[in-house]
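Worksheet for the structure shown next.
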Amino acid sequence: MTAFLDIHLRRNNRALLAWLVLGGLLVYFLYIHPRGASIGVLSAWANQGTALAFLAVGQTIVVLSRGVDLSIGPIMALTNCLASHLVNGGPLELAFGIAVVVLAGAVCGAINGIVVVFGKIQPIIATLATGAIYSGFALIVRPIPGGSIDEMLSELTTGDLAGILPSSIVMLLVLVCLFWLPVSKASLGRSIVAVGSSEQAAYMSGLKVDRAKIAAYTLSGIFASFSGLFIGFQTLSGDPSIGLPYTLNSIAAVVIGGTALTGGAGSILGSIAGALILRTIGSLIFFTGLPPLAQPLFEGTVLLVAVAFGATRLLRINNRLEVFR
Amino acid sequence: GTFMPECYKPGLGDTGTIKHAKKEGPYRVALVNGHTGIPWREQMIKSVKVWAAAPENAKNITELKVVSTGSDVAAQIAAIDNFIQAGYDAIAFIAVNPTAFDAVIKRAKQAGTVLVSFDNPVDNPSVLRITPEWIEFEGIIKAQSVVNQMKEPKGKILEIRGIQGNSTDRDRHLGVQKVLAKYPDIEVVEVVGNWDTGTVQKVTADAIAVHGFFDAIICQHGCRGVTNAIKATGHPPVPVGGDAENGFVKALAMNDIPGISVSTSPGQGPVAVRAAIALLQGGEFPALVNVPTPYVETKDMKPNVNYFPDEPDTLETVTGYAVCGADMVFTPAQLNAQSADNN
Amino acid sequence: MRAVSFVTSFDGPTKAIALAMLLLLAVGGAYYHQFLSPMYLVQQLQNGAFLGIVAAGAMMVILLGHIDLSVPWTITASATLATALVGTNPEALVSERGLVAGLGAGLLIGLVNGLGVAYLRIPSMIWTLVTNNIILGVCVFYSGFYALRSQPSPVMSALGAGRLFGIPCAILVWFAVSAVIVFLLRRSRTGRYIYAVGTHEPAAYLSGIDTRKVIVFAFVVAGLCSAVAGMLLTGYAGQSYQRMGDPYLLPGIAAVVLGGSSLFGGRGSYSGTVAGVLLITLISSMLSIMQAPEAAKQICYGVVIILMVGLYSRATPAN
Amino acid sequence: MTEGNSFLALTDVTKTYGGVNALKSVCFEAKRGSIHAILGENGAGKSTLMKVLAGVTQPDSGAIRLQGDNVTFTNPADAAAKGIVCIFQELSIIPDLSVAENICLTQPPKTAFGLIDRKAQDRLATAVLKRMGCGEDIDTRSRCADLPLSKRQIVEIAKAIVRKPDVLILDEATSALTASDVGPVMELLRRMRDGGACILFISHRMHEIEALADTCSVFRNGEHVSTFASGAKTHDEIVQLMIGKPISQVYPDKPAEVPVAPPYLDIHDLRWGDQLKGVSLSLRPGEIVGLGGLDGQGQQEVLLAIAGVLRGTSGTMRVNGRPAVHRGPKGGKGSDMRIALIPEDRKTQGLFLSLSVRDNLTVSMLDRLSRYAVVDRLGEKALVDRMIDLLKIKADNADVAVGTLSGGNQQKVVLAKWLATDPKLLLLMDPTRGIDVGTKQEIYRLLRRLAGDGLAILFHSTDYDELIGLCDRALIMYDGRVASTLSGPSLNEHNILSSALNLSHDNSGRGTAAPSAALAEGLA
Ligand SMILES: Nc1ncnc2c1ncn2[C@@H]1O[C@H](COP(=O)(O)OP(=O)(O)OP(=O)(O)O)[C@@H](O)[C@H]1O
Ligand SMILES: Nc1ncnc2c1ncn2[C@@H]1O[C@H](COP(=O)(O)OP(=O)(O)OP(=O)(O)O)[C@@H](O)[C@H]1O
Ligand SMILES: O[C@@H]1[C@@H](O)[C@H](O)OC[C@H]1O
Ligand SMILES: [Mg+2]
Ligand SMILES: [Mg+2]
C-alpha cells in the first residue's frame with residue numbers, strides 16, 4: 001500500500017524511516033510500560049494519536065499542493081462542536097449527524113480553497129484568517145465545552161477489534177483508503193501534486209489548477225472533520241478550543257513523516273507515522289523516571305532529534321545546488 | 001462521617017458521597033496535569049512533592065508519578081488510560097476540559113482505579129471533584145468585597161474576564177453577575193484579559209482611556225496588569241478585586257490600593273492527592289468538595305504572610321490550605337528547595 | 001528592493017490600511033468619541049509597540065520566505081533570564097546585566113534558529129517550532145530549581161513603562177528599532193541580500209552571496225527583536241511571567257502579511273508592516289472596548305485579513 | 001493574403017506591458033499541413049504572440065480566428081481544448097512527476113474505474129519517446145527534475161505531441177537539444193505536418209529553420225514584418241529583416257595566435273563521483289576555450305567544479321598559479337581568483353525574476369559597491385548605466401522587474417552582472433541559448449574583446465557552430481573525460497562529431513553511419 005500512498009516521495013526511505021522510528025519508539029514505550037504490550041495499552045496508544053493522524057493526512061494533501069492549512073485545528077474544533085449536537089440518537093440520526101459534520105468540514109475546506117484561489121491570498125495567511133472565523137463559529141455553536149456524543153459509536157471506534165487491533169487505527173486506514181486512495185490514483189490527485197510541484201507548469205500545461213487546489217483544501221477539511229468526530233468519540237463532548245494544540249503539530253507530523261513543505265512530493269503514510277511518533281514521544285514520559293519539571297524539555301529534545309534527522313540528507317549531497325531543493 | 005470535613009466541605013449542589021472499597025497500602029499514585037508553562041501549575045506540582053516527601057505521608061506511597069500532558073485532551077486521556085492499564089491505585093488530575101473524560105472515567109471504574117479531579121474539575125458526579133466554588137469565589141467573596149469597598153455602590157465597574165470558551169471563566173463571570181445584579185446603580189463594562197498580565201494591562205488602560213474613570217475593577221487572573229494600568233494612566237486608586245499572585249498582592253499592599261486578593265491555592269494539588277489516598281484507605285468524601293477560598297483585603301495584608309517582597313511576582317502567595325491541616329501549608333523556602341531529581 | 005519604501009512613498013498596502021484605519025476610527029468614533037482622543041491614540045501606539053517590534057523581526061525572516069515560530073518563548077525566556085539576573089544583583093547599574101543577558105538570550109536563540117534553518121536546512125516552520133518547545137522546556141525545568149526573580153531592571157522599567165516628554169518610551173524604542181530595520185533594508189548591503197535570498201536562494205548562492213549567513217543574520221535580528229519586546233514587556237508589566245509571549249506570534253505574522261509582505265519571501269515593505277501592526281492593535285482594542293463577544297472578534301479579525309490581503313493581492317497581480 | 005485557406009488567423013492583435021508595445025496590431029495567419037517558422041530578435045514579440053494563441057496572455061485588442069470562428073481563450077486549458085498546444089520557452093514540466101506522468105499529464109489513460117492506468121501510461125510514453133528517437137535514453141519512470149535540461153526538453157515535446165494538437169507551437173523548444181536529438185524531433189515534426197498539423201516553430205538557430213520550415217514570418221519590435229516561403233530569401237536577407245540592418249559576419253576574427261602566458265587556470269585529474277573521471281585542462285588569459293560533446297558528458301560538472309559548487313571533487317586546481325581551494329561562487333569571485341560562472345538556466349539560477357534590472361545587475365558586486373556595508377547609490381547607478389550600455393540591454397528603465405524582459409535581454413543581464421565583477425576567468429554555460437543572431441553577434445564580439453583584454457574564457461555550448469566559430473580551442477568531452485582537444489583547422493564539424501561519439505577523428509570513421517547521419521542533420 002505504501003506505493004499508493006506515497007505521492008512521488010523523492011526518497012521513499014524518509015517515510016520508511018519514520019515508520020522505523022515509530023516502531024522503535026513504540027517498542028520502547030511498551031517495554032517501559034508496567035503493563036507491557038496488551039491490547040488495552042495499544043488501544044490507548046492508538047487513540048491518542050488518531051485525531052492528530054487524521055489532521056496530518058489532511059495537512060499532507062494541502063502540503064502536496066504546496067499550500068498549508070492553519071485552519072485545520074479550528075475546523076476540527078468546529079466539527080467537534082457540531083458533532084456534540086448532532087451525533088446522537090438512533091441509527092438514522094447518527095448517520096445524518098455524521099454526514100452533516102463531514103459536510104461542514106468539507107465546506108470549511110472548500111472555503112479555504114476558494115479564499116486561496118480567488119482571493120489570491122497566500123495559504124498561510126488565508127487559513128490563519130479562516131481559522132479565526134471557524135474558531136468564532138465554534139464558540140457560537142458551543143460557547144463552553146459540553147454536549148454529548150453517542151457512546152456506542154465511541155466504544156466502537158476507540159476500543160479494539162476482536163482483541164487484536166485498535167479500532168481507531170483500523171478506522172483511520174479505512175477512511176484514508178476510501179477518501180484519499182481513489183483521488184491519489186485519479187487525475188485529480190495528479191493535478192494536486194503537479195500544482196504543488198510547479199504551479200506555473202501545471203497551469204501552462206492546461207491543468208485545472210484552481211480546481212486542484214480547492215479539492216486539496218476540501219479534502220483537508222474532510223479529514224479535519226474526521227478528526228473532530230474522533231476526538232468527539234474519545235471525549236463524548238464538544239469543545240470550541242480543542243483544536244488549539246493541533247494545528248502546528250499536524251505540520252510537524254507531516255515533516256517528520258518525510259513530506260517536504262515545498263510541495264509536490266510526499267507520503268500520506270509517512271505523515272501518519274509522523275503523527276504517531278509525536279504522540280508516542282509524549283507517552284514516553286508516562287513511565288520514564290523523569291522529574292516532572294524536566295518532562296517538557298525531554299519531549300522537546302526528542303522532537304529535536306527526530307526533526308534533525310532530516311538534516312542527514314545533506315551528507316549525501318554532492319552538488320551544493322541540490323541543497324536548495 | 002466524611003473525611004476531614006473542615007477541609008473537604010460538601011460543595012454547592014452536592015450529590016451525595018463517594019467511597020471506594022478499602023485497599024491495603026502503600027499505594028501507587030499518579031498526578032496528571034494538563035497545561036505546562038504556567039507558574040501556578042508548577043507550584044502545584046512542587047507542593048505535591050513537598051507533601052509527599054514528608055515521612056508521615058511517604059509511608060503511604062510506594063510510587064508517585066507526576067506528568068504534564070499539555071493542552072491536548074487526547075494526550076491527557078491517554079495518560080490516565082495508561083496509568084489505569086499500569087495498575088496505579090489512584091489518579092488525581094486537572095482536566096483540560098470538564099466534559100471530555102466520561103469514557104475514561106468509566107474505564108477507571110471498571111479497573112477499580114480511584115480518580116480524583118481537582119481545580120478544573122470534570123462534570124461527572126461519579127468521581128470525587130475538589131474545586132473552589134467559582135461562583136462564590138468570584139461573586140460572593142470577590143465582587144462583594146469590591147462593592148463593599150466602594151464609596152457607594154454605584155457607578156461603573158470594569159470586569160476583566162479570562163479566556164473565552166472556558167467553563168471556569170463562565171462560572172466566575174456568573175458569580176460576578178449574580179452579586180452585581182443586586183445593585184441597579186452599578187453599570188458593568190466587560191473586557192477580555194485572557195488571564196494574561198500584559199493583555200489585562202492593555203485592555204484596562206484602553207478601557208480607562210475611553211471611559212475615563214471606573215469606580216472599581218474586578219479581574220480574574222493576570223491582575224498585576226490592572227494595578228500597572230492604574231499607575232500608568234494616573235487613574236485614582238479604586239477598589240480592585242484580583243488574584244493572589246505575589247506581584248498583584250504586593251501592588252495592592254504597597255500602593256494602598258483598596259481591594260481584595262482572592263485565590264485558589266496550588267495547595268489544591270496535595271489536598272487532592274491526600275484525598276485520593278484517603279479514598280483508598282476507605283475514607284468517605286462528599287462527591288463534590290469545595291475547598292475554602294482564601295482571601296485577604298488590602299487593609300489586612302502583611303508582608304511575608306500575604307505577600308513576599310523577596311519572592312518572584314508570579315509566586316502564588318497562598319501556598320496552601322491552613323484549614324486542611326498544618327501539613328497543607330508550604331513556605332516558599334520549602335517549595336524552592338523541592339528539587340526535581342526523583343520522578 | 002524598490003519595494004522598500006518608508007517615508008518617501010507609501011505603497012498600496014500601507015495606503016489601504018491607512019484608509020481602513022480612518023474608516024474604523026470614523027465608525028468607532030461615532031460610538032465612543034474618546035476613540036479619537038489623543039490619549040487613546042497614543043495608547044494604541046504604545047500597545048502596538050510590543051507587537052510592532054516583534055513584527056519587525058518577523059518581517060526579516062518572512063522576507064527570506066521563512067517564518068519564526070519561536071517568538072512566544074523567545075520573549076518569555078529572554079525576559080525570565082533578564083529578571084532572574086536583575087533579582088540577584090539589585091544594585092542599580094549591575095542589574096542592567098540582566099538586560100544585556102536578556103538581549104543575549106534573544107540573540108542566541110535567533111542564532112540557533114538560523115543555524116538550523118541555514119546550515120541544517122530544516123524547514124523553518126518546523127525547526128523554530130522545535131526550538132520554541134525546547135525553550136519552554138528549559139524555562140519550566142529552570143523554574144524547578146531556582147527561586148526566580150521577576151523584577152525588571154531600572155532601564156527596562158523606564159523603557160517599558162516610562163515616558164519621555166509625555167511620549168511613552170516604548171513608542172520611542174519601536175521607532176528606534178524601525179529606523180534600524182529601515183536602514184538595514186533600504187541602505188545596507190545585507191538588506192539587498194535579504195531580498196535576493198528571499199526571491200530565489202539558488203540564484204543568490206550562484207551570485208556569490210553566502211546565503212547561509214544572510215539567513216542566520218535575519219533570524220538573529222528576529223531573535224533580538226523578540227528579546228527587545230520581552231524586555232519592554234517586562235518593564236511595562238513590571239514583571240516577567242511565563243507565557244508572556246503567547247499573544248504575539250500569530251498577530252505578528254498577520255501584521256507583516258497585512259502590510260503586503262509575501263510569505264514566499266522577496267517582497268514586502270516596512271511601512272506596510274507598521275501599518276499592519278497599527279491596524280491589528282486598533283481593531284482588537286476597539287472591539288474589546290465595544291465589548292464584542294469573542295466569537296464576533298475572531299470572525300471580524302479573519303474577515304478583515306481576508307478582505308485587506310485579498311484586496312491588494314488582486315490589485316497587484318503577481319506575474 | 002487570402003482569407004480562405006488559413007486555418008489560424010490573427011487580426012490586429014495588440015498587447016502592451018506598461019510602456020512596452022510587445023505586439024502592435026499584428027495580423028498573422030498560418031495554414032494546416034505546414035511548418036511555419038517565426039523569426040525575430042530577442043524581444044520582437046514572438047513569445048507574446050504565442051502566449052496569446054495559447055491562452056496564457058489575453059491581448060488588449062484584436063481577434064483570433066480558428067477555422068473561421070472567432071475564439072477567445074482565458075487560459076491554456078481553453079486553447080488546448082481547441083487543439084492548440086504550446087511548448088513554452090519557459091518549460092512546463094512538472095519536476096516531481098515522472099517522465100510518463102508528465103507525458104500523459106493532461107489526458108492520462110484510465111482504467112474501467114476512472115483511475116489512471118499506469119501500465120498504459122508507461123506504454124504510451126515509451127511509444128512517443130521511441131517515435132522521437134529516444135526510446136532507450138529516457139527511463140519513463142525517472143523523475144523529471146533529475147533529468148538534464150536537454151532531456152527535459154524532449155519530455156516537454158513528447159508531452160505536447162501526445163495531445164495530437166491541430167496547432168503545435170514550439171517556442172524555442174529545441175534550444176537546449178543537442179544535435180543528436182534535434183534530428184529525430186525534426187523528422188517527427190515533418191510527419192505531423194504531413195498529417196495536417198499546423199506547426200509554429202520559433203528558433204534562433206537558422207540552420208534548424210532552413211531545414212524545417214515551409215513558411216517564415218519575421219517579427220521586429222512587435223510588428224509582423226514579412227512572411228515568405230522558406231528558401232525564398234537568403235540567410236543574410238532574413239537577418240536583415242530581423243534586425244533592420246545588414247549583418248555581415250557573425251563571428252569575430254580569431255587572433256592569429258593567443259599570447260603566450262602562464263595558464264590562468266590549470267586543472268589536473270579532476271574527478272567527481274562517476275561523472276568526472278579525470279579531467280585535465282589549462283586555460284591561458286586571452287583564450288576562449290570551448291567545451292563540447294554530447295549532452296551530459298560532464299561539461300556542466302567541469303564548470304560547476306571550477307566554480308566550487310561541487311563537493312567531494314579530487315584532483316588539483318591552480319588558479320593564477322596558486323593552488324585553489326574555495327567553496328562556491330562567493331569564494332570564487334574573491335580578489336584572488338576572480339571566477340565568474342554564468343549558470344545554465346537563467347530563470348532559476350541566474351536571475352531574480354521579480355527584482356529589478358538594477359538589483360540583478362549589482363547583486364554580485366555589492367561588496368565592492370558599498371562602504372561599511374552601506375550601498376553607495378551613486379556608484380551603483382553609474383555601474384548600472386554602464387552595464388546597460390555595454391550590453392545594450394533593452395529595458396524600459398533599470399527599475400522594471402527583470403522577469404519582464406525578453407529572454408535574450410534577460411541573458412544579457414546575467415552576463416552583465418558577472419562582467420561587473422571584473423572577472424579574470426569566465427565560465428559560461430551555454431550562454432547563447434535562446435538568443436537571436438544579432439545579440440549573439442554582440443555577445444561573441446564582447447567575449448572576444450574581453451579575451452583580448454586578458455580574460456580567460458571557458459565556454460560550454462550545445463551549438464557546435466559556435467564552438468567552431470568562436471573558440472580558439474575546443475575540448476570535446478566524452479564520458480567524464482576530455483576525449484580530444486581541437487584547434488586550428490582540426491576544429492571542424494567532422495572532428496567534433498567523431499570526438500563526441502568517441503570515434504577517433506583521424507580516420508574518416510564513417511562506419512557508424514546511423515548516429516552520424518542524425519547528427520549531421522542536426523547540424524545541417
Ligand atoms: N553559501 C551557501 N549557501 C547555501 N548553502 C550552502 C552554501 N555553501 C554550502 N552550502 C550547502 O550547505 C551544506 C553544508 O555545506 P558543507 O559543510 O558541505 O560545505 P563546506 O564545503 O563545508 O562549506 P562551509 O565550510 O562553508 O560549510 C552543503 O550541502 C552545501 O551544499
Ligand atoms: N510579462 C511582461 N511584462 C512586461 N513586459 C513584457 C512581459 N512579457 C514580455 N514583455 C516585453 O514584451 C516584449 C516582447 O517580449 P517577448 O518575450 O514576446 O519577446 P520574444 O520575441 O519572445 O524574445 P526572445 O527571443 O528573447 O524570447 C519585450 O520587450 C518584453 O520585455
Ligand atoms: O485555578 C487556576 C489554575 O488552574 C490555573 O492554572 O492558574 C490559575 C488558577 O486560577
Ligand atoms: Mg561545512
Ligand atoms: Mg521568447
Side-chain angles (χ1 to χ4, degrees), chain A residues 68 70-71 74 115 118-126 128-141 143 200 240 248-249 251-252 254-256 260-262 291-301 303-304 306-314 317 320-325, chain C residues 67 69 116 119-127 129-145 200-206 211-212 250 253-254 256-258 262-264 293-307 309-311 313-314 317-319:
Chain A
V68 69
L70 294 188
S71 75
V115 169
F118 297 109
K120 294 195 175 26
I121 303 178
Q122 292 160 3
I124 295 190
I125 202 74
L128 186 68
T130 56
I133 295 174
Y134 304 148
S135 298
F137 279 109
L139 274 171
I140 292 173
V141 172
Q200 181 182 338
L248 292 179
N249 277 330
I251 298 172
V254 168
V255 172
I256 292 175
L261 291 178
T262 44
L293 294 181
Q295 290 165 4
L297 182 57
F298 171 76
E299 276 191 63
T301 311
L303 185 61
L304 178 105
V307 165
F309 250 120
T312 53
R313 87 179 170 102
L314 291 182
I317 287 180
R320 293 200 169 93
L321 288 173
E322 279 170 23
V323 170
F324 305 106
R325 286 238 182 103
Chain C
I67 204 155
L69 298 181
Y119 285 80
L120 301 183
R121 311 302 300 186
I122 298 170
S124 54
M125 200 188 258
I126 195 82
W127 178 247
L129 187 66
V130 169
T131 53
N132 191 58
N133 282 356
I134 297 257
I135 310 165
L136 174 152
V138 170
C139 285
V140 169
F141 188 59
Y142 186 53
S143 75
F145 286 108
H200 199 52
E201 195 184 348
Y205 168 71
L206 286 175
T211 64
R212 300 184 292 188
L250 293 181
I253 295 168
V256 176
V257 179
L258 264 181
S262 163
L263 287 165
F264 297 135
E294 184 67 13
K297 279 187 213 165
Q298 298 265 0
I299 292 171
C300 176
Y301 185 65
V303 168
V304 166
I305 291 179
I306 292 174
L307 286 183
V309 180
L311 189 79
S313 71
R314 309 209 107 240
N319 326 349

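So that the names make sense, note that chain A is the first sequence line, chain B the second, and so on, each numbered from 1. Not measured: the values here are computed from a predicted model.
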Considering only heavy atoms, which portion of C:P123 lies under 4.5 Å from any heavy atom of chain A: side chain, backbone, both, or neither?
-> side chain
Nearest-0.5 Å distance, CD1 of residue C:I306 to CD1 of residue A:I133 = 4.0 Å
C:V303, part contacting chain A, at a heavy-atom distance under 4.5 Å | both
Under 4.5 Å, counting heavy-atom pairs only, tell me which of A:F118, A:Y134, A:F298 racks up the most with chain C.
-> A:F118
Please report the closest heavy-atom contact between C:A295 and A:G136, naming both atoms and the distance.
-> CB-O, 3.3 Å
Region of A:V307 in contact with chain C, defined by heavy-atom distances below 4.5 Å = both
For the residue pair A:A252 and C:L129, what are the closest heavy atoms and their distance?
-> CB-CD2, 4.0 Å
Between A:F137 and chain C, which part of the residue has a heavy atom less than 4.5 Å away: side chain, backbone, both or neither?
-> both
Can you find a pair of side-chain heavy atoms, one from A:I124 and one from C:M125, that are under 4.5 Å apart?
-> yes
Show the numbers, then the answer: is there a side-chain contact (heavy atoms from CB on, under 4.5 Å) between A:L321 and C:L206?
-> CA-CA 9 Å; A:L321 288 173; C:L206 286 175; 3.8 Å; yes
Among C:P293, C:G137, C:G116, C:A296, single out the residue with the greatest number of heavy-atom pairs under 4.5 Å to chain A.
-> C:G137
Region of A:L248 that comes under 4.5 Å of a non-hydrogen atom in chain C = both
Out of A:A129, A:P240, A:P143, A:G131, which one racks up the most heavy-atom pairs below 4.5 Å with chain C?
-> A:A129
Among A:L70, A:T312, A:I125, which residue forms the greatest number of heavy-atom pairs with chain C at distances under 4.5 Å?
-> A:I125
C:L307 portion near chain A, given a 4.5 angstrom heavy-atom threshold | neither
Distance (rounded to the nearest 0.5 Å) between A:K120 NZ and C:L311 CG = 13.0 Å
Which bit of C:S262 is near chain A, if near means a heavy-atom gap under 4.5 Å: side chain, backbone, both or neither?
-> both
Determine whether A:V323 and C:Y205 make a side-chain contact, defined as any pair of heavy atoms from C-beta on separated by less than 4.5 Å.
-> no
Ranking C:I253, C:I305, C:I134 by heavy-atom pairs under 4.5 Å to chain A gives rank one to C:I134
Sort out for me which residue in C:V130, C:I122, C:N133 forms a side chain to side chain contact (heavy atoms under 4.5 Å, CB included) with A:L304.
-> C:V130
Segment of C:I67 engaging chain A (4.5 angstrom heavy-atom cut-off) | side chain
What are the two closest heavy atoms between C:I299 and A:I140, and how far apart are they?
-> CD1-CD1, 4.1 Å
Gap between atom CD of A:E299 and atom CG of C:L136 - 0.5 Å precision | 9.5 Å
Closest non-hydrogen atom pair between A:P296 and C:V140, with its separation = CG-CG1, 4.1 Å
Highest number of heavy-atom pairs under 4.5 Å with chain C: which of A:T130, A:N249, A:V68, A:L128?
-> A:L128
Where C:Q298 and A:S135 come nearest, the two heavy atoms and their spacing | OE1-CB, 4.0 Å
